[in-house]
Amino acid sequence: MGSAAAAAAAFRFLLLPLAVVSPYIALVRGADIPAIGINYGQLGDDLPSPYRSIELIKSMQVTSVKLYDPNPEVMRLLAGSKIYVTVMVPNQEIVNINTNHSLAVRWVQDNVLAYYPQTMIRLIMVGNEILSHNASAEDMQIWNHLVPAMYKIKNILRANNIQNIKVGTPLAMDILQTTSPPSNATFRRDVALTVMPQLLRFLNSTKSYFFIDAYPYFPWSANPTNASLDYALFKSQRNYTDPGSGLVYSNFLDEMLDSVIFAMTKLGYPDIRLFISETGWPHGGDIDQPGANIYNAAIYNRNLVRRMTAKPPIGTPARPGVVIPTFIFSLYDENQKDGPGTERHWGLLHSDGRPVFDIDLTGSRADSEYKALPEGHNNEAYKGKIWCIAARGADMRGLGRELRYACNQGNGTCDALAPGKECYEPVSLIWHASYAFSSYWKQFRSQGATCYFNGLAVQTTRNPGSESCKFPSVTL
């Protein structure tokens, strides 16, 4: 998602019962930003070429695209396309842009001026979820450079007489300390009195947007027994009233967005516009990831598009009638993203360009015009044991590398695989890797470890062990 997992911050869970057309482009007042766009990531080794990708984007009638990497070929292909383009400054380049003016000028020259105005660049996002609570030590060192780097880029644009490109930074929902209810929301303490006031001052003075990555899937899937799936999919027949504000909510996304609005207001900035830089729903995932299926992904994205392109605009309870431009995550499934299975299943398109499900990104198609989809069968949390084993057909060299990684983490992960121990035989790379993967995952899952191992592992509910060798398992 950037990383979609970073958006899985603590969020209040509602205890509700489970229960080709001409494109319409809703433009934000005062800025030519389409209401719906797409995130085009390229973390896959089996994706269509940039040329084919741009043709697919055009065929989907996408009028705005966000690039995580300002790939020169993609930027050139977008020239003259009338597609609005967002480019991103990688996290690791922020410090240099702030501290070295020549490098800042070069970055703007190479990634913006070299293509503008033929390529319709309208947004520059500096970094990606750089202020997340699980940021690395390296990322945290970047925090103090973030806003100064944004000023540097904005000033270079002004020096080149470019007034129609906004500068901002996309943040995850974990930027908030509290979100329950929305009127109680505040920014996280470690940034509320440091980076955040500087950022809000910049966004306000340049009339830019607060970019937020908001995924209702995460608060719902963390508590699917008590949280309402319909509320997450814009289908709820029941509402929630914020006791502090009296505002009435009908879905998770509005709550998330208004939480940001209330948090900004408490720091003295009630009017900064919102922009959803990422949102979506996974159509597949691991056994321990409920609700990740094609039916839910289709319903969420279709309802999202219809809501965000509505005429007149719907807005949120705190800001009714306001267009909130939105980037759907994502164009493709990307098989080189690490983390849990959902990370590789957010695409509107499979990696070969086939649609995962039918969707009209103009928002004009009625539900009755879509073909029926089979209901998902994993909407309830799995209960039982799960093991992590070597995937069928896994590359042997890679498997050996991942086996060594798992065993080198210590904590007795592979003690049972030592010669003469209970799991040493059969002496097979697949057997040893499967035991090591299961053992590692069981021990370190609470610290964020996943059953991935560079794509060489899969989850199973079938016990892979034997009478003499008991494989460790995760019990849900």
Side-chain angles (χ1 to χ4, degrees), residues 1-19 129 132-134 172-174 176 179-180 212-236 238 240 249-257 259 276 278-304 328-330 333 337-348 356-357 373 375-384 386 388 441 445-452 458-459 461 474-476:
M1 15 191 133
S3 171
F11 195 80
R12 186 185 59 79
F13 310 125
L14 292 183
L15 304 183
L16 297 176
L18 293 175
E129 297 185 348
S132 287
H133 76 91
N134 60 349
M173 281 298 297
D174 64 5
L176 298 174
T179 58
S180 174
I212 187 71
D213 295 351
Y215 290 92
Y217 171 75
F218 290 120
W220 173 79
S221 64
N223 190 16
T225 301
N226 295 318
S228 167
L229 178 59
D230 284 349
Y231 197 81
L233 297 176
F234 308 100
K235 293 172 54 182
S236 180
R238 297 188 60 183
Y240 166 74
Y249 292 89
S250 63
N251 62 81
F252 266 128
L253 184 62
D254 280 354
E255 284 199 54
M256 299 170 93
L257 298 177
S259 294
I276 302 176
E278 288 183 12
T279 191
W281 195 282
H283 62 83
D286 295 326
I287 295 169
D288 59 344
Q289 295 184 292
N293 58 62
I294 291 176
Y295 181 87
N296 290 344
I299 296 301
Y300 178 83
N301 284 300
R302 290 170 184 172
N303 286 341
L304 171 76
I328 294 176
F329 190 85
S330 60
D333 289 343
K337 297 191 71 177
D338 59 11
T342 50
E343 286 296 299
R344 295 170 289 284
H345 292 88
W346 292 90
L348 298 185
V356 176
F357 50 83
L373 290 171
E375 295 264 357
H377 297 293
N378 64 338
N379 290 336
E380 296 183 4
Y382 174 80
K383 295 181 180 180
I386 307 177
C388 180
W441 189 42
R445 181 173 181 267
S446 63
Q447 300 175 35
T450 63
C451 178
Y452 179 62
V458 295
Q459 293 181 9
T461 58
V474 168
T475 301
L476 301 179

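For reference, positions follow the sequence shown, starting with 1.
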Close side-chain approach of Asn379 to Tyr295, heavy-atom, < 4.5 Å: no
Practice prompt. Kindly state whether the ring of Phe329 and the ring of Trp281 have centres lying under 6.0 angstrom apart.
Written response: no
One should read off an interatomic distance between Phe357 CZ and Leu348 CG, to the nearest 0.5 angstrom, of 5.0 Å
Between the SG atom in Cys388 and the OH atom in Tyr452, the distance rounded to the nearest 0.5 Å is 12.0 Å
Closest non-hydrogen atoms of Pro224 and Ser221, given as atom of the first, atom of the second and distance, are CD-O, 3.2 Å
- Query: Without hydrogens or angle criteria, can the side chains of Tyr217 and Gln289 be said to hold a donor-acceptor pair below 3.5 Å?
  - Reply: no
OG (Ser250) and OH (Tyr231) are apart, to the nearest 0.5 Å, by 6.5 Å
Here the gap from Thr450 atom OG1 to Gln459 atom CD, rounded to the nearest 0.5 Å, amounts to 9.0 Å
To the nearest 0.5 Å, atom CG of Asp174 lies from atom CG of Asp213 at 9.5 Å
Rounding to 0.5 Å, atoms CD1 (Ile287) and OH (Tyr382) come to a distance of 6.5 Å
Exercise for the section: Before giving the answer on side-chain contact (heavy atoms from CB on, under 4.5 Å), spell out for Thr179 and Met256 the whole-Å C-alpha distance, their side-chain angles and the decisive distance to 0.1 Å. Expected result: CA-CA 8 Å; Thr179 58; Met256 299 170 93; over 6 Å; no
Smallest heavy-atom separation, Trp441 atom then Val474 atom, equals CE3-CG2, 3.6 Å
Quiz prompt | Side chains of Asn251 and Asp230, donor plus acceptor under 3.5 Å | solution = no
Note to self: Strictly distance-based, threshold 3.5 Å: is any side-chain N or O of Asn296 a donor or acceptor partner for the main-chain N or O of Ala292?
What the structure shows: no
| request: Give a yes-or-no answer on whether the side chains of Tyr300 and Thr279 include a donor-acceptor pair shorter than 3.5 Å. | output: yes
(message) With heavy-atom distances below 4.5 Å as the criterion, would you say the side chains of Pro340 and Asp286 are in contact?
(response) yes
>> Quick check against the 3.5 Å criterion: does Asp254 have a side-chain atom that pairs as donor or acceptor with the backbone of Tyr249?
In response: no
**Prompt:** Going by atom types alone, do Tyr215 and Glu278 pair a side-chain donor with an acceptor below 3.5 Å?
**Reply:** yes
Worksheet entry | Polar side-chain atom of Ser236 near backbone of Arg238 as donor-acceptor pair, under 3.5 Å | yes
Closest heavy-atom pair, Trp220 versus Ala232, reported as atoms and distance to 0.1 Å, is CB-CB, 4.0 Å
Q) Quick one: are Lys235 and Leu229 in side-chain contact, heavy atoms under 4.5 Å? A) no
Are the side chains of Asp333 and Arg344 in contact, using a 4.5 Å heavy-atom criterion? no
Of all heavy-atom pairs linking Leu233 and Asn303, the shortest is O-ND2, 2.9 Å
Taken in chain and number order and not counting sequence neighbours, the residues that satisfy side chain to side chain contact (heavy atoms under 4.5 Å, CB included) with Thr475 are Lys385, Ser473
Point to revise | side-chain contact (heavy atoms from CB on, under 4.5 Å) between Thr342 and His283, worked out | key: CA-CA 8 Å; Thr342 50; His283 62 83; over 6 Å; no
Mind running side-chain contact (heavy atoms from CB on, under 4.5 Å) on Asn293 and His377 for me, showing each step along the way?
CA-CA 8 Å; Asn293 58 62; His377 297 293; over 6 Å; no
